[in-house]
Amino acid sequence: MKALVSLELDKYSVENVTLAGPRAGELRIRMAATGVCHSDVSVINGTLPLPKPLVLGHEGAGVVAELGEGVGGFEIGDHVVLAFNPTCGKCPSCRRQEPQFCSIGAPDGKMLDGTSRVKLGNDELGVMQFLGCMAEEAIVPAISAVQIDKSIPMDKAALVGCGVMTGVGAVINTAKVSPGSSVAVFGCGGVGLSIIQGARLAGAARIIAIDLADNKLEMARQFGATHTVNSAKENGVLQCKELTGGEGVDYSFEAVGIPQLMIEANEAARRGGTVTIVGVGKLTESVPFNALMLAMSGKTVKGCYYGDANVREDFPKLLNLYRAGRLNLDDMVTATYSIDDAPQAIEDLLSNKNARGVIVYE
Ligand code: CXF
Ligand code: ZN
């Protein structure tokens with residue numbers, strides 16, 4: 001089968017690989033759609049330090065094709081969205097209702113039992129986030145799959161597996177944005193646009209979108225931004241202050257993973273406001289906080305991983321919002337690609353072309 005593989009740092013190519021069957025606790029998924037996310041690029045360029053060679057892809061939806069030994073609760077033909085974090089339900093994080101921090105396995109390219117299911121020739125390949133779902137098929141832990149209604153188009157469903165869950169979750173679960181409030185979003189990629197949609201759903205009165213690219217700002221408006229700032233031309237922080245009577249916004253979000261933007265998101269929030277850091281930056285970079293102002297400003301600075309989601313509850317909720325016409329996933333998918341064109345999809349991501357590009361399979 002074909003898969004998008006990163007063989008070495010800064011390289012990616014479509015390769016013909018072989019897949020072993022599912023072992024105990026695993027599913028074989030015939031992929032229907034895989035979203036192309038900036039974190040795939042972060043793996044390619046080493047920002048996320050996963051060992052290579054490795055099959056990319058962590059935002060996908062597909063159909064259950066085979067059950068490994070002992071897997072209950074699934075049937076062949078079930079439609080599933082894949083979570084990029086397995087959730088065991090038993091570890092301390094799962095028991096304290098924080099399944100996004102489930103400690104069953106650290107993503108190191110291997111499956112949960114420490115072995116691999118994918119080969120290129122005789123060489124074993126790793127997979128991203130226990131999934132490696134930018135491929136025609138994937139072997140995944142059953143505890144990484146969430147059943148969904150079969151009526152939902154798979155290219156839309158796939159987005160819920162990463163970008164949309166992360167963005168909407170950051171607003172609803174992490175920041176808990178309240179109706180009538182003001183929100184600033186730094187960075188309008190797939191996650192930033194989902195934050196904007198979340199803020200709209202939460203009833204924010206002002207949603208200020210900040211990005212360097214005019215086409216992204218146009219999309220931001222389409223998804224609910226009330227104001228846009230092109231930070232190549234204007235100062236995002238000053239605009240946030242100006243639009244809030246000098247105070248700063250109630251809630252600000254950073255959705256890229258760049259220290260300078262995290263600083264700006266902090267500056268854009270009002271005293272007592274909430275700053276949510278969603279972007280995943282480099283391990284080698286840090287953000288300073290001012291020793292006087294941290295206490296004086298009384299802001300809450302929160303990190304947000306996977307939209308603080310409980311995927312088993314939150315994926316179906318997001319898809320219900322989609323079916324109710326309140327979460328716009330249709331316009332998020334601005335291009336689809338075959339697996340052969342996956343490298344083009346990565347290039348289009350790098351040139352900011354899409355809200356989301358999605359790989360679809362026959
Ligand atoms: C990431 C977070 C770090 C691990 C891979 C997935 N989230 C969104 O892309
Ligand atoms: Zn992602």
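When a ligand or atom number is given, it counts from 1 through the structure's own listing order. Each residue takes its place number in the sequence, starting with 1.
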query: Would you say Glu254's side chain and Phe186's backbone share a donor-acceptor pair under 3.5 angstrom?
result: no

- line: Looking only at protein heavy atoms, what sits closest to atom 2 (C) of ligand 1 is Tyr305 CE1, 3.8 Å

message: Restricting to non-hydrogen atoms, name the atom on Gly77 and the atom on Lys150 that form the minimum distance, rounded to 0.1 Å.
response: O-CE, 3.3 Å

statement: Between His58 atom NE2 and Cys162 atom SG, the angle centred on the Zn ion (ligand 2) rounds (to 10°) to 110°

message: What protein heavy atom lies closest to atom 8 (C) of ligand 1? Include the residue and the distance to one decimal.
response: Cys162 SG, 3.0 Å

- prompt: Does Gln129 approach ligand 1 within less than 4.0 angstrom via side chain, backbone, both or neither, non-hydrogen atoms only?
  reply: side chain

query: Short N/O distance, under 3.5 Å, between Ser39 and ligand 1?
result: yes

field: Lys/Arg N to Asp/Glu carboxylate O, Arg28 vs Glu66, below 4.0 Å
entry: yes

task: Flag the pair Lys176 and Asp308 as a salt bridge only when some basic side-chain nitrogen lies within less than 4.0 angstrom of an acidic carboxylate oxygen.
output: no

message: For Arg326, is the CZ atom crowded, meaning more than 12 foreign heavy atoms sit under 6.0 Å from it?
response: no

query: Is ligand 1 under 4.0 Å from a heavy atom in the side chain of Glu59, in the backbone, in both, or in neither?
result: neither

message: Please list, in number order, the atoms of ligand 1 under 4.0 Å from a heavy atom of Cys37.
response: 9 (O)

- line: Closest non-hydrogen contact found for Pro316 with Val311 is CD-O, 3.6 Å

- prompt: Tell me: protein heavy atom nearest atom 7 (N) of ligand 1, and distance?
  reply: Phe84 CZ, 3.5 Å

